[in-house]
Visitor: 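Take a look at this one; I'll ask things after.
Just so you know, ligand 1 is whichever comes first in the structure, and atom 1 is the first atom listed for that ligand.
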Amino acid sequence: MTEKVGIIGYPLTYSLSPAMHNAAFQALGLDWEYELMPIPPDILRLGLREPAQHGYIGLNVTIPHKQAVMQFVRADELARAIGAVNTIDLRTNVGTNTDMSGLIDDLNAHGIALNGAKVVVLGAGGAARAAVYGLGQSGAQITVVNRTLETARTMIANLMIYNRNLNADVMTLDEAAEHPIDLIINCTSVGMSPNVDESPWIEGVPFPYGVTVYDMVYRPAQTRLMTQAEMYGGRAIGGVGMLVRQGAAAFQLWTGIDAPIDVMFDAVRSQLAKG
Ligand code: NAP
């Protein structure tokens, strides 16, 4: 019998996850299938119950359901601390968050030291919460910059409930630019296709020299923010590795088998190359 997993979100017209996971299942000879499941917010409870009743093993969760699903599953401590679930094991109805390990594992894979690093996090949504939580656990000094400052303040206050030693504050972009920076992580959707000429580091604010930029956006592969970093003598990394590594963590959770990371990278890159 084919084992089933999938992703719920809305509108879910485009996702690289089916190609990534199905390539991994095929490479390991597993009779598993990963499906795209668009679920509108008003039927979210049903959207979880139906796959569970039909024997699905697990689900990934994407925009706009990452917070809302927490009412219907048992969120583990990590997901509660981050305030978002992106992976569910339907066998136990436990929800967790693999965005955090996806990001931190990818930063580690790129040899980026985090302990004591001065990191500017752009954004204060679900992805930023995962980033700030993981960076805090890694000993980074974090400055959060967000369009809505109040959202950033609330995010830090919530994360501090779980990590009293979290070294994080909130600044405007102008203020952040005046302080030393080692690493900038873009956790906003600014610069994502089709708005490829936009950057969360807005015109007129001096770009720091020689910093590393990690852009969670992976479409396009080279964002405007990444080009800014390179123009100012820095290093730029796109978000494909985070996408693959958060997926690999979900794969491991569902199957109990180490994910074939290289196969997953190849599948994602070949999908992205199609445009
Ligand atoms: P979210 O919860 O909707 O948060 C969006 C964030 O972007 C908020 O901080 C929002 O600011 C900010 N923002 C949106 N439009 C903006 C604009 N025009 N100007 C300035 N700020 C703007 O979304 P999310 O789930 O955190 O995802 C954020 C991004 O990360 C998306 O592009 C997503 O694809 C990407 N992501 C990538 C991976 C990966 O594996 N590579 C994983 C997760 C997410 P306000 O608070 O002011 O609204």
Visitor: Looking at ligand 1, does any of its N/O atoms fall within less than 3.5 Å of an N/O of Gln246?
Guide: no

Visitor: Report, in ascending order of atom number, the atoms of ligand 1 lying under 4.0 Å from any heavy atom of Tyr218.
Guide: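 Ligand 1 atoms under the 4.0 Å threshold to Tyr218: 41 (N).
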
Visitor: Given Ser189, Ala84, Gly191, Ser199, which one has a non-hydrogen atom that is nearest to atom 31 (C) of ligand 1?
Guide: Ser189

Visitor: Around atom 35 (C) of ligand 1, find the nearest protein heavy atom and jot down its residue, atom name and distance.
Guide: Met216 CB, 4.2 Å

Visitor: Between Tyr209 and Tyr232, does the ring centroid distance fall short of 6.0 Å?
Guide: no

Visitor: Could you give the distance from CD1 (Ile88) to NE2 (His65), rounded to the nearest 0.5 Å?
Guide: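 Here the interatomic distance stands at 10.0 Å.
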
Visitor: Of the listed options (Asn146, Thr154, Thr188), which comes nearest to atom 8 (C) of ligand 1 when hydrogens are ignored and any heavy atom counts?
Guide: Asn146

Visitor: Which residue supplies the protein heavy atom nearest to atom 27 (O) of ligand 1, what is that atom called, and how far is it?
Guide: Ala127 CB, 3.9 Å

Visitor: So which heavy atom in the protein is nearest atom 3 (O) of ligand 1, and how far is it from that ligand atom?
Guide: Ile63 CD1, 4.8 Å

Visitor: Specify side chain, backbone, both or neither for Met242, according to which of its non-hydrogen atoms lie closer than 4.0 Å to ligand 1.
Guide: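 The answer is both.
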
Visitor: Considering only protein heavy atoms, which is closest to atom 34 (O) of ligand 1, and at what distance to one decimal place?
Guide: Met192 SD, 4.1 Å

Visitor: Using a distance threshold of 4.0 Å (strictly less than), state whether atom 5 (C) of ligand 1 has a protein heavy-atom neighbour.
Guide: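 Neighbour list for atom 5 (C) of ligand 1 is empty of protein heavy atoms (cut-off 4.0 Å).
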
Visitor: If the cut-off is 4.0 Å to any non-hydrogen atom of Ala124, which atoms of ligand 1 fall inside it?
Guide: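 Listed by number with element, the hits are 9 (O).
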
Visitor: If you have a sec, work out which protein heavy atom is nearest atom 28 (C) of ligand 1 and how many Å separate them, to one decimal?
Guide: Cys187 O, 3.2 Å

Visitor: Please check if a non-hydrogen protein atom sits closer than 4.0 Å to atom 41 (N) of ligand 1.
Guide: yes

Visitor: Heavy-atom count around Arg91 CZ within 6.0 Å, excluding the residue itself: above 12?
Guide: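 Result for CZ/Arg91: enclosed.
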
Visitor: Considering only protein heavy atoms, which is closest to atom 19 (N) of ligand 1, and at what distance to one decimal place?
Guide: Val190 CG2, 3.5 Å

Visitor: Return the closest protein heavy atom for atom 1 (P) of ligand 1 as residue, atom name and distance.
Guide: Gly125 CA, 4.1 Å

Visitor: Which residue owns the protein heavy atom closest to atom 48 (O) of ligand 1, what's the atom, and how far is it?
Guide: Arg147 NH2, 2.8 Å

Visitor: Is it the case that ligand 1 has an N or O less than 3.5 angstrom from some N or O of Gly126?
Guide: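 Yes.
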
